[in-house]
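Contents: one structure, followed by commentary.
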Amino acid sequence: MSGSAHSTVLSGARVVLPTGTVAGGRVIVERDRIAGSAHESAEIVDLSGHWIVPGFVDVHNHGGGGASFTSGTAEEVLKGVRTHREHGTTTLVASTVTGDLDELARRAALLAELTQQGEIAGVHFEGPFINPCRKGAHKADLLRDPDPAEVRKLVDAAHGTARMFTLATELPGGLDSVRLLAEHGVIAAIGHTDSTYDQTRQAIDAGATVATHLYNAMPGLEHRAPGPIAALLEDERVTVELINDGTHLHPAMLELAFHHAGAHRVALITDAMDAAGFGDGTYHLGPLEVEVKDGVARLVEGGSIAGSTLTLDTAFKRSVTVDRLPVESVVQAISANPAKLLGRYDEVGSLEPGKYADLVVLDAAFDLKGVMRRGEWIVSPLS
């Protein structure tokens, strides 16, 4: 569709709305928005046999298409963004990894410019304020205890575009850092943590509202030491991130999160690195070397899982076909909930008049066939 005044009607598909799925429904697009009615001269696009769902919203993503959000130039970042758009992610938060504070501040400034241009939806700092014993793919000698002044430095470097900050809240300075983030309207996320159950509850009470990739890089559930997982799952104030790539989580743990937290509190993420949508090979995640083999990314030194090569269209299909989750629940977790988390639900996250025309077309097997962002086809279902 062009930017002209006429409208386009996408008709005949199963359309997933906040109120449920409409068989043989239609979505009307006028310029960059979803409209409530169509002009007589509207172009009709028949999508019978397909699904139309809202564009995906990824709040935790380090790169893709061979490009890194953690170290690449602005053009390289845009290459990664375009790769994920082609896989249905129409709203994306760019995530950093642990690095030198001045380097992270410079990275935040670059990502802030792209946010202000509307290319990405903000900055997520993952590290350096995380627990060394749960560091995953973060460089050990760059880790440090949370310091509210240093947290503030990075938030300020993002010029109002910092959206989320992952930290180990049990470390000295952790709770004060959570309070500072809450005061500045930045999501405090608990992750790469060795926190106990009680310490996690304290962090939530202090203002933490997200579990960074729940289950991964944190203690497991124990019958006498429930740890952070139980505290994060049980609290209605917390949204739990899940990486549904078949590597990071056993299907039973995914089901446990959806069952115990409810679909309204899950955010499906990619935690993607450069290799997403690109292929096997050797890459870098921040300063660390990563080997991707058979689609699984691991550190060359130590073998820890280093992000994923996931794209959200794959996560969507797996959630519906392998995990047998209702399509409506998956749409909540992959579009609506992350949009609400970012404070963007008035613009994206559902197919409602007045919102941006961000949508994904899937066939009956849940394979991606079309992507529209702000009224423009990124991937045309007609080609």
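- Ion pairing of Asp245 with Arg318 is absent here, as no side-chain N (NZ or NE/NH1/NH2) approaches a carboxylate O to less than 4.0 Å.
- Remark: the Asp198 side chain and the Thr196 side chain contain no N/O donor-acceptor pair separated by less than 3.5 Å.
- Looking at His250, its side chain does come within 3.5 Å of a backbone N or O of Ala252 through a donor-acceptor pair.
- Under a 4.0 Å N-O distance rule, the pair Lys153/Asp102 qualifies as a salt bridge.
- With hydrogens and angles disregarded, a donor-acceptor distance shorter than 3.5 Å links the side chain of Arg163 to the backbone of Ala121.
- Residues satisfying the ring-ring contact (aromatic ring centres under 6.0 Å, His included) test with His192, not counting sequence neighbours, are His138, His213.
- Side chains of Thr193 and Glu170: a donor-acceptor N/O pair is present below 3.5 angstrom, by distance only.
- Thr8 places no side-chain N or O within 3.5 Å of a backbone atom of Val29 that could act as its donor or acceptor partner.
- Looking at Glu119 and Arg82, no side-chain N of the basic residue comes within less than 4.0 Å of a carboxylate O on the acidic one, giving no salt bridge.
- Using a 3.5 Å distance cut-off with no hydrogens or angles, the side chains of Thr89 and Asp58 do not pair a donor with an acceptor.
- The cationic atom of Arg144 (NZ for Lys, CZ for Arg) does not lie both less than 6.0 Å from the six-membered ring centre of Phe129 and within 45° of the ring axis.
- Scored by the side chain to side chain donor-acceptor pair (under 3.5 Å) test, Asp176 finds Arg179 as partners (sequence neighbours excluded).
- Ion pairing of Asp205 with Arg237 is present here, as a side-chain N (NZ or NE/NH1/NH2) and a carboxylate O approach within less than 4.0 Å.
- Panel note: side chain Asn216, backbone His248; a donor-acceptor pair is recorded below 3.5 Å.
- Aromatic ring orientation, His62 versus His124: tilted (interplanar angle from 30° to 60°).
- With hydrogens and angles ignored, the 3.5 Å screen pairs a side-chain donor or acceptor of Glu76 with a backbone N or O of Thr73.
- For Arg201, the CZ atom is loosely surrounded, since the number of other residues' heavy atoms within 6.0 Å does not exceed 12.
- Residue pairs meeting the salt bridge (Lys or Arg N to Asp or Glu O under 4.0 Å) criterion with at least one member in residues 284-301: none, sequence neighbours excluded.
- Geometrically, Lys340 engages Tyr345 in a cation-pi contact, judged by NZ or CZ lying under 6.0 Å from the ring centre and within 45° of the ring axis.
- Under the 3.5 Å distance criterion, with hydrogens and angles disregarded, a donor-acceptor pair is assigned to the side chains of Asn61 and His84.
- Between Lys369 and Asp367, none of the side-chain N atoms (NZ, or NE/NH1/NH2) sits under 4.0 Å from a carboxylate O, so this pair counts as no salt bridge.
- Proximity of a side-chain donor or acceptor of His50 to a complementary backbone N or O of Ser48 within less than 3.5 Å is detected.
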